[in-house]
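Below is one structure; the comments refer to it alone.
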Amino acid sequence: MTIREVSLSEALALGKLDAHDQARLVRNRELPVEALTEAAILRIEALDPTVRALSHYDPALARAEARALREGDGIMRGVPWLPKDSLDYPGMPTTSCSRSRSRKAIQQGYPYVQRMQHAGLVALGKSAMPEFGLLASTEPLAGPVTRNPWSLEHSPGGSSGGAVAAIAAGLVPLAHGSDGGGSIRLPSSCCGVVGLKPGRDSTVRVRARHLVEDLLVADSLHSRSVRDVAWGFAAAHSDSKRSVVTGPSSRRLRIGVIEHGLRGNVPHGDVARAVASTADLCAKLGHNVERTTWPFDGHAFLSSFEDLWSHLSADCVDTTRALLGGGRLEDAIEPWTVALGQRAERLPTSALERAYQQIARLPVQLNDFFSRFDVVLSAVVSAPPPLLGTYAPTVPAEQLMSSMFDWVAYTPLQNMAGTPAISLPLFQSGEGLPIGSMFAADRAQEDVLLALAFELEASLPWAARWPKHSIATFNS
């Protein structure tokens with residue numbers, strides 16, 4: 001087969017394969033390396049006008065990368081992927097989906113990107129995100145508004161919403177996500193894919209140094225299969241010789257189940273049923289399941305997280321002001337970004353002190369907690385995927401502060417604590433929308449989470465479960 005012989009029907013069939021199976025076709029010389037790129041181009045051009053997962057598309061760069069690959073150039077040679085629009089990638093702009101940022105191509109990436117390139121991955125463009133990753137829905141005013149492949153009226157979540165929508169629809173088998181408060185896990189739950197948020201210090205450097213982002217943000221690759229996600233974690237690990245988890249473990253775990261959000265909010269009935277069903281499944285598999293609560297004041301904890309989140313926005317506002325040259329701030333960045341930055345300006349310095357005290361206490365609190373439990377099961381979000389517009393950047397800031405942080409009231413803990421967590425697409429709502437189940441563990445316990453994920457994937461497979469707007473349903 002030559003690259004010119006890839007038809008749309010063949011491209012759609014290839015899209016049903018995960019990254020491992022696509023790479024195997026090239027490795028076994030059943031396909032030329034460029035064929036995977038050409039197939040991804042066909043899928044993107046067929047489906048992305050509906051889903052709008054990409055903020056930047058560069059098939060010419062992808063073709064050049066694929067042509068440059070040589071025999072033995074990495075275990076994932078030729079496999080297509082999408083960096084997120086906040087990730088510096090040579091030859092592409094980094095805009096974070098903000099009108100304020102330059103469209104000039106970046107010339108140099110950080111070690112994370114270099115690891116992905118060394119593995120042989122081919123970048124097709126950038127995935128869409130909310131402006132600067134500050135919202136839980138991917139509806140930036142700079143565009144595009146990304147739609148959930150399960151229901152176009154619903155949000156894919158955020159901030160890695162474009163990445164996850166692309167995976168769910170089958171455009172590419174791998175897409176990069178970053179998680180500062182749930183931004184890998186939230187969209188994974190909304191779109192029914194696997195999303196691992198690694199623990200602190202587990203990956204090589206991804207971006208420029210930043211006092212808050214270095215504490216909160218973790219990065220990994222989304223996929224529909226656990227084995228792809230496990231490979232992506234090992235490939236980016238700070239220990240270059242890190243082994244890849246390849247299957248379940250015989251170890252039976254002590255699993256604590258937490259039913260309520262950090263502020264004690266009760267989840268939607270569909271979400272509560274999904275968590276209960278996941279707990280029942282774990283018990284049937286022989287794990288010891290017990291209900292519990294977190295050992296700290298969730299209200300104070302989440303308030304401190306909101307203060308740090310506001311400071312991230314204030315940094316974006318300050319950087320933008322320096323770029324404006326006398327222009328109006330409101331014409332360059334979104335109302336939510338401005339309002340959140342203004343909130344930070346009103347905070348006393350002691351609010352930062354309290355936030356860092358919260359972070360400093362967590363290792364001791366969680367070490368004791370995880371002496372009783374190996375992993376914790378909870379919801380990812382308090383309700384099924386929201387309708388588009390619910391968390392749009394034009395919604396009044398006071399309303400967003402209340403409603404959005406209540407919706408995400410399960411995920412920020414792992415960012416503050418620097419601990420790992422994973423969202424798995426085990427169940428769905430009564431309307432047929434995905435609902436993720438989140439498992440969290442103590443520091444350096446990613447392998448435990450991945451082994452459990454392999455076991456649950458085998459017990460309740462989701463590989464054949466495709467959304468309404470995807471390669472599995474596309475009618476050419």
Side-chain angles (χ1 to χ4, degrees), residues 85-86 95-101 128-146 154-161 179-183 186-187 190 212-213 216-217 261-263 265 298-324 327-352 354-355 381-383 385-412 415-416:
D85 204 346
S86 55
T95 71
S96 296
C97 286
S98 175
R99 295 166 295 173
S100 66
R101 294 304 184 252
M129 58 186 288
E131 182 177 66
F132 303 124
L134 295 169
L135 278 170
S137 186
T138 305
E139 306 175 50
L141 297 185
V145 171
T146 304
H154 287 81
S155 171
S159 65
S160 305
D179 189 319
S183 290
L186 305 175
C190 287
V212 178
E213 286 189 350
L216 298 183
V217 181
L262 288 169
R263 289 199 171 119
N265 47 314
H299 289 270
F301 177 87
L302 198 53
S303 293
S304 288
F305 173 79
E306 291 169 4
D307 292 346
L308 289 176
W309 204 248
S310 299
H311 276 277
L312 284 175
S313 186
D315 283 351
C316 297
V317 172
D318 291 344
T319 302
T320 301
R321 280 201 180 102
L323 300 172
L324 284 177
R328 283 180 6 114
L329 189 66
E330 294 78 4
D331 294 334
I333 53 178
E334 297 174 349
W336 167 249
T337 307
V338 173
L340 200 59
Q342 290 171 342
R343 181 181 185 275
E345 291 174 2
R346 296 191 296 269
L347 289 172
T349 305
S350 56
L352 272 179
R354 285 193 296 273
V381 286
S382 63
L387 291 168
L388 285 169
T390 304
Y391 304 127
T394 52
V395 172
E398 288 185 7
Q399 181 179 333
L400 274 176
M401 281 297 299
S402 172
S403 63
M404 186 182 74
F405 283 109
D406 278 351
W407 187 59
V408 306
Y410 293 88
T411 53
N415 301 90
M416 294 277 274

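- In terms of heavy atoms, Gly158 sits closest to Leu186 at O-CD1, 3.5 Å.
- Partners of Ser303 under the side-chain contact (heavy atoms from CB on, under 4.5 Å) rule, at least two apart in sequence or in another chain, are Arg263.
- For His311, there are no side chain to side chain donor-acceptor pair (under 3.5 Å) partners two or more places apart in sequence or in a different chain.
- Ser155 places a side-chain heavy atom less than 4.5 Å from the side chain of Pro386.
- Looking at Ser96, its side chain never comes within 3.5 Å of a backbone N or O of Ser98 through a donor-acceptor pair.
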Please report, to 0.1 Å, the donor-acceptor pairs under 3.5 Å made by any side chain of residues 337-349, with sequence neighbours excluded.
from, atom 1, to, atom 2, distance (Å)
Thr337, OG1, Glu131, OE1, 2.6
Arg343, NH1, Glu306, O, 3.3
Arg343, NH1, Asp307, OD1, 3.0
Arg343, NH1, Ser310, OG, 2.8
Arg343, NH2, Asp307, OD1, 3.1

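- For the pair Ala409 and Asn265, the tightest heavy-atom approach, listed with the atom from each and the gap, is CB-OD1, 3.8 Å.
- Taking 4.5 Å as the limit, every side-chain heavy atom of Pro140 sits out of range of all side-chain heavy atoms of Met129.
- Residues Thr320 and Leu329 share a closest heavy-atom pair of CG2-CD1, 4.0 Å.
- Between the CG atom in Leu262 and the NE2 atom in His299 there is a gap of 9.5 Å [rounded to 0.5 Å].
- Ser159 meets the side-chain contact (heavy atoms from CB on, under 4.5 Å) test with Lys84, Pro130, Ser183; sequence neighbours excluded.
- Closest approach of Ile333 and Ser100 over heavy atoms only: CG2-OG, 3.8 Å.
- Note that CZ of Phe132 is 11.5 Å distant from CG of Leu312, once rounded to the nearest 0.5 Å.
- Taking both residues in full, the closest heavy atoms of Pro156 and Gly161 are given as CB-O, 3.9 Å, listed atom of the first, atom of the second, then distance.
- By the 30° and 60° cut-offs, the orientation of the rings of Phe305 relative to Phe405 is perpendicular.
- The two residues Gly180 and Trp309 have their closest heavy-atom pair at O-CZ3, 3.6 Å.
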Using distance only, find each side-chain donor-acceptor pair of residues 389-400 under 3.5 Å and give its atom names and separation, not counting sequence neighbours.
from, atom 1, to, atom 2, distance (Å)
Thr390, OG1, Leu387, O, 2.7

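- With hydrogens and angles ignored, the 3.5 Å screen pairs no side-chain donor or acceptor of Tyr410 with any backbone N or O of Val381.
- Judged by distance alone, with hydrogens and angles left aside, the side-chain atoms of Asn415 form a donor-acceptor pair with the main-chain N or O of Asp179 at under 3.5 Å.
- Looking at His154 and Leu388, their side chains never come closer than 4.5 Å, going by heavy atoms from C-beta outward.
- Applying the side-chain contact (heavy atoms from CB on, under 4.5 Å) test to Ala355 and every residue at least two apart in sequence or in another chain returns Ser304, Leu308.
- Contact check for Arg99 versus Asp331: no side-chain heavy atoms found under the 4.5 Å cut-off.
- Checking side-chain atoms of Trp336 against main-chain N and O of Leu134 turns up a donor-acceptor pair under 3.5 Å.
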